[in-house]
Each structure stands twice: as C-alpha cells, then as structure tokens.
Amino acid sequence: MPVMTGSDAVVQSLIAEGIDLVFGIPGYHSEHLYGRLMQQDRIRHVLVRHEQGAGYMAIGVARVTGKPACVLSTAGPGALNVATPMGEAYGDGVPLLNIMAEDLSPYLYQDKGLVHESKDQFGVFSRLSQWARQAMSPGEIPGAIHEAMRRMEVNRPRPTVVEIPLDVFQGDGPVEILDRETWARPTGDSGDLERAAALLRDAERPLIWAGGGVINSGAWDELQQVAETLDAPVLTTCSGRGSIPDDHPLALTNISTHGPVTRLMERCDAMLAVGAVFPHLITSRWTLPIPKRLVHIDIDPAQPGKNYPAEIGIHADAKLALGALVAALDGGDVDRDDWVDTARTARADVRRDLSQMAPLEWSLMRTVREALPRETIVACDPHLWGYWAREHFPIYEPRTFLYGLQFGTLGYAYPVGLGAKLAAPDRPVVAIGGDGGFLFTGQELATAVQLGINVPIVIFNDDAYGAIKEDFVRDYDNAYEVDLVNPDFVRYAEAFGAVGLRANPDNLGDTLRRALELDRPSIIDVPAKLRRPLKVD
C-alpha cells in the first residue's frame with residue numbers, strides 16, 4: 001500500500017471519483033492541499049472571490065450535469081461562508097461535496113485560541129448535510145470521499161461533507177485509493193409498480209405531478225412516455241421544470257395554485273407523483289386537493305405519504321420506476337381527449353387572465369424568452385421577476401431552469417449561472433436577479449472577468465428589496481428599511497472590466513441578444529417596478 005500525504009489522498013481520490021472541477025479560495029489551513037493541486041493537471045480549480053460564490057458555482061455545475069460537484073473550504077470563516085450554499089443544496093436536493101479543512105486534530109473544540117477556531121465546525125456542517133465524516137488520518141480519506149459520493153447517488157442527492165484537519169493534510173501514511181463505482185439505485189417493489197399501473201390505467205381523469213427527482217435521475221423521456229401512454233396532463237414543480245417541455249400538449253406547468261387548475265385537480269380521480277415532496281409553498285400550505293388515489297414514487301423512502309397520504313408509496317429511483325411503469329402499461333394507449341382538453345382550457349384561462357392582469361410582468365417574461373435560444377440555461381434568484389418565472393416562464397429542456405427554491409437564497413443566480421457556464425461552455429447561460437440580491441454575490445463578476453465567462457446578468461432594478469417592500473406597504477403602510485442606495489450598475493460592470501448595459505422593457509430583448517454575443521461578461525440594468533405574482537381565481 002503506497003504511503004502519501006493526506007493532501008495527495010484528497011487529490012487522487014477526487015480524480016478517481018471523476019471530479020475534474022473544484023471551486024474555492026486557498027487559506028492557511030488548506031495551503032498544503034493547494035500545494036498538491038498545483039502539481040497536477042487533472043482537476044481544474046476555479047478561484048472565486050467569496051466562498052459563498054464557490055458553493056453556488058458548484059451547485060450550478062451539479063444542476064447542469066446531474067453529477068456531484070466539489071467545493072474546497074478552509075477552516076473557520078472560509079468554511080462557514082459555504083454554509084448558505086450547503087443549506088440551498090440540502091433543500092433543493094443538489095449533490096454537493098464539501099472538502100473542508102479544520103484546525104489541528106489534537107486541539108479540536110477545546111477553545112484554545114487556534115487560528116480560525118470554531119466552537120464546533122463539524123457539528124454545524126453535520127446538520128447541513130445528509131452525511132458527514134471527519135478523516136483523522138490520510139488512510140481514512142479515500143473511504144470517506146468514496147462514501148460521500150455513494151450517499152449522493154443512492155439517496156436523494158443532498159450534500160455531503162468530508163472534514164480534514166490541518167495536520168492530516170500534512171501528515172503521511174498508508175493510503176489505498178478506491179476505484180469509482182456505480183451503485184444500484186432502488187428499483188421499487190414490482191408488485192407495487194404493477195398495482196400502480198393498473199390504478200392509473202383504470203382512472204378516468206389522471207394527473208401527473210413531476211418534481212425535481214425526475215430531473216435528478218434523468219427520467220424525462222420515461223416521464224413523457226408514461227404521460228403519453230396514459231394521456232395524462234402533467235403538472236411540474238419548480239424543481240421539475242423542464243421534465244416535460246412547456247409546449248408539449250400535456251404540459252400544465254407549475255400553476256397548480258391557480259383557480260382553474262385547482263378546480264381541475266378537484267375532478268382528478270388518480271395522481272402519479274414522481275420525485276416530488278409536496279412542499280408548503282407549491283401546495284398552498286398543504287390545502288391543494290391531491291386525490292386519495294395517489295401513487296407516490298420517490299428515492300427518499302420517507303417522502304411517499306409524508307405530506308399527503310399515498311395509496312401506493314414506492315421507494316424507487318424515478319428513472320427506474322417510470323421505466324417499469326412504461327413496461328407495465330405495455331403501450332396500451334387510452335383515449336382521454338375530453339380530459340386533456342379540459343386541462344388545456346384551464347391552462348389557457350390562467351395565461352389569458354394573467355396577461356391582462358399583469359401586462360408588464362407578462363410581457364417581460366415573453367421578451368426574455370423570445371430573446372433566448374431554446375436550450376439556454378436560465379439561473380434565477382427568488383425575486384419579483386423570479387417569482388413570476390418559477391410558474392410561468394416557458395422552459396423547454398431539462399436542467400435549463402436553475403432556481404433556489406427551498407432555501408430561497410438571494411445572490412443565487414449569478415454564481416450559479418457562472419458554474420453552469422463552466423459546466424456547459426457551448427450553451428448560452430443567462431442569470432436574472434434583482435438589485436438587492438445581486439449585491440450579495442456581485443463580486444463574482446471579478447471571477448467571470450478573470451476567466452472570460454460570458455454570462456449576462458439581468459438586474460431588474462427597483463432600488464429596494466422589492467418583495468419585502470410590497471409586503472410592508474400592504475401590511476403596515478410603511479416601507480421600513482427596504483429602500484436601497486445602489487451603485488450605477490453600468491459603471492460597476494465597467495470597473496470590473498465587464499460590459500455595462502442599460503435597458504428598458506421595450507428594448508430588453510435586443511439588449512439581451514447583444515449581450516449573449518459578447519466575448520466578456522455583462523450586466524444589464526433594467527429599471528422596473530414589478531409586483532408579486534397574482535393568482536387567477
């Protein structure tokens with residue numbers, strides 16, 4: 001068994017596991033690891049301006065590729081700066097591997113005044129991840145990284161952590177590098193799948209509810225096969241956008257809380273939910289009329305029946321389960337044209353009413369969509385335009401709508417977009433956010449300029465934390481502590497060596513097309529006062 005340092009064990013293990021791109025900032029506790037990184041050419045390191053940006057860029061890579069991505073963080077403040085992206089990755093089910101440095105192992109958590117000492121750094125990140133391990137010798141590192149990767153493949157792909165003390169990076173010992181493996185995912189009980197197929201085949205008015213698990217498992221082709229076989233309209237969650245193209249005849253999109261679609265759901269006599277958790281927001285606080293005849297498939301065994309009772313709960317990977325359903329349905333197409341026409345009418349009613357109720361917001365979504373090629377990856381902050389987009393912005397391909405939903409972190413869009421572009425350099429990528437949120441992570445414009453990453457960021461600028469301002473004015477008649485004094489975003493871009501552009505709702509489309517043709521990153525400042533999304537009764 002070869003003898004090597006802990007740092008060599010990290011580098012060689014990442015290479016063996018297929019990690020070829022990592023994000024981070026070198027620090028005192030991770031210098032030895034970086035000393036080994038600089039001696040190889042299999043892993044590319046991306047230097048960011050804040051560890052929060054590193055975590056978000058890794059999320060962008062993972063969401064576009066469907067594979068685990070890696071962030072390197074030094075101890076103390078560097079580590080804790082990754083906490084917010086870790087929370088986002090946990091909430092949205094993103095496979096993020098955090099290799100985290102720590103203080104000297106003999107003195108951990110003794111309050112001895114070490115450099116960058118935390119009270120319990122490992123404890124913090126154990127709570128933010130699905131699995132965490134401290135490697136206390138070089139020989140433990142390959143097994144820890146290997147298990148971290150396994151957990152993200154066989155479970156819901158939430159983040160994992162491997163923490164390594166400074167002296168373990170520097171020390172040496174016998175190390176066995178483990179080969180990359182492909183692990184079997186749960187297939188579901190065959191009897192349950194047969195019963196599910198019979199239940200769905202016999203239903204008169206079935207619906208499908210497609211969540212992020214469909215995207216995570218790459219199951220969009222199987223989903224469409226099941227939908228077309230059953231002639232069942234498909235509702236998608238925010239995380240499931242793109243699992244069926246929004247212009248597919250069976251696509252209802254993410255509009256379940258609007259009156260015409262809610263009434264459609266009241267008539268539904270059976271539902272297939274796949275890779276979805278029925279969260280608080282999308283179910284209107286769990287008041288949506290999900291039918292009693294519910295088939296719920298999820299890779300997380302705790303999910304089926306958790307928020308709504310399931311007649312048939314199936315612990316399975318979405319791709320494998322949907323493939324089995326295709327076989328069990330055996331191509332026995334059924335004619336539910338009247339039901340499908342009713343669903344299309346409900347969707348058309350929502351679109352028609354919103355286009356009249358909110359002409360500015362609706363036209364801005366249309367303008368952005370028409371300016372972008374079909375395959376464009378759109379990274380979006382949870383801001384006023386983003387609130388509209390998560391329901392109504394047309395999405396045509398999987399892994400092209402990246403939105404921080406469950407944790408809801410501002411500053412998500414731009415660094416996630418940069419990571420997406422690094423992972424898919426031949427595809428157009430656009431980030432869209434608000435003025436307040438952009439300044440959470442806007443310093444990553446320096447990273448984009450340094451690396452020549454052309455990701456335009458569209459800033460809908462209302463000089464405020466607009467969503468909270470609307471709430472405060474409505475509830476308290478007081479715009480308290482929500483108005484902002486912003487920089488001139490055009491000059492801000494130019495100061496970094498990027499291109500600064502200013503647009504209005506009328507010329508935004510042309511400006512966005514121009515930005516995508518540049519050889520540098522850009523900011524498009526769009527002064528606009530938008531509203532929260534409206535609901536159709």
Side-chain angles (χ1 to χ4, degrees), residues 20-25 41 43-50 53-54 56-61 63-65 69 364 367-381 385 396-397 399-402 411-435 437-461 487-504 506-527:
D20 57 7
L21 182 63
V22 298
F23 300 86
I25 300 173
D41 59 5
I43 299 173
R44 179 186 180 186
H45 178 271
V46 174
L47 176 66
V48 300
R49 298 304 185 268
H50 190 278
Y56 287 137
M57 289 183 204
I59 286 174
V61 170
R63 293 198 62 176
V64 167
T65 65
L364 282 170
T367 295
V368 172
R369 181 69 270 179
E370 291 175 352
L372 302 178
R374 190 177 180 92
E375 72 277 9
T376 301
I377 297 167
V378 178
C380 193
D381 253 23
W385 189 90
Y396 302 123
E397 296 187 10
R399 305 194 192 284
T400 60
F401 187 63
L402 314 181
Y412 172 97
Y414 189 55
V416 166
L418 296 180
K421 185 67 173 179
L422 288 167
D426 296 330
R427 301 184 72 172
V429 180
V430 171
I432 303 179
D435 48 310
F438 172 72
L439 290 176
F440 280 40
T441 54
Q443 70 275 5
E444 297 307 337
L445 185 61
T447 304
V449 169
Q450 183 170 350
L451 299 179
I453 308 172
N454 179 19
V455 174
I457 169 73
V458 177
I459 300 174
F460 288 107
N461 183 357
D488 180 325
F489 287 112
V490 170
R491 294 173 63 189
Y492 180 99
E494 293 169 350
F496 280 87
V499 174
L501 302 167
R502 190 166 282 115
N504 58 52
D506 293 330
N507 65 12
L508 173 58
D510 290 339
T511 306
L512 187 50
R513 293 184 189 93
R514 174 187 167 195
L516 285 170
E517 295 174 355
L518 295 171
D519 60 358
R520 287 179 289 164
S522 59
I523 289 177
I524 304 174
D525 181 25
V526 186

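Small disclaimer: the values here were computed from a predicted structure and weren't measured.
Contact annotation: the side chain of Leu508 approaches that of Phe460 to within less than 4.5 Å [non-hydrogen atoms, C-beta and beyond]. Side chains of Val458 and Leu512 form a contact here, defined as non-hydrogen atoms less than 4.5 Å apart. Between Glu444 and Val48, the closest side-chain pair of non-hydrogen atoms falls below 4.5 Å. The shortest side-chain heavy-atom distance between Val490 and Glu494 falls under the 4.5 Å cut-off. For the pair Val64/Leu402, a side-chain contact is recorded, criterion being any heavy-atom separation below 4.5 Å from C-beta on.
Note that OG1 of Thr441 is 7.0 Å distant from CG of Asp381, once rounded to the nearest 0.5 Å. Here the CD1-CG distance, from Ile43 to Asp20, works out to 8.0 Å after rounding to the nearest 0.5 Å.
No donor-acceptor pair closer than 3.5 Å links the side chain of Glu375 to the backbone N or O of Pro428. Between the side chain of Asn454 and the backbone N or O of Leu516, at least one donor-acceptor pair lies under 3.5 Å.
The stretch residues 515-525 participates, sequence neighbours left out, in these side-chain hydrogen bond (donor to acceptor under 3.5 Å, both in side chains) pairs: Asn461-Asp525, Arg502-Asp525.
In terms of the salt bridge (charged side-chain N to carboxylate O under 4.0 Å, His left out) criterion, residue partners of Asp510 (sequence neighbours excluded) are, by chain and number, Arg513. Partners of Arg374 under the side-chain contact (heavy atoms from CB on, under 4.5 Å) rule, at least two apart in sequence or in another chain, are Pro245, Asp247, Tyr396, Glu397. Residues passing the side-chain contact (heavy atoms from CB on, under 4.5 Å) test with Tyr492, sequence neighbours excluded: Phe438, Leu439, Leu445, Pro487, Phe496, Ile523. Remark: Gln443 engages no residue in a side-chain hydrogen bond (donor to acceptor under 3.5 Å, both in side chains) (not counting sequence neighbours). Applying the side-chain contact (heavy atoms from CB on, under 4.5 Å) rule to Thr511 yields the partners Leu501, Ala503, Asn507, Ile524; only residues at least two apart in sequence or on another chain are considered.
Residue Phe401 comes nearest to Cys380 through the heavy atom pair CE1-CB, 4.1 Å, listed as atom of the first residue, atom of the second, then distance. Nearest heavy atom pair, residue Val430 against residue Ile432, reads CG1-CG1, 3.9 Å. Shown here for Pro521 and Ala498, the closest heavy-atom pair between the two residues is O-CB, 3.3 Å.
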Please list every donor-acceptor pair under 3.5 Å in which a side-chain atom of residues 411-425 meets a protein atom from a residue at least two apart or in another chain.
| residue | atom | partner | partner atom | Å |
| --- | --- | --- | --- | --- |
| Tyr412 | OH | Arg63 | NH1 | 2.9 |
| Lys421 | NZ | Pro425 | O | 3.2 |
| Lys421 | NZ | Arg427 | O | 2.8 |

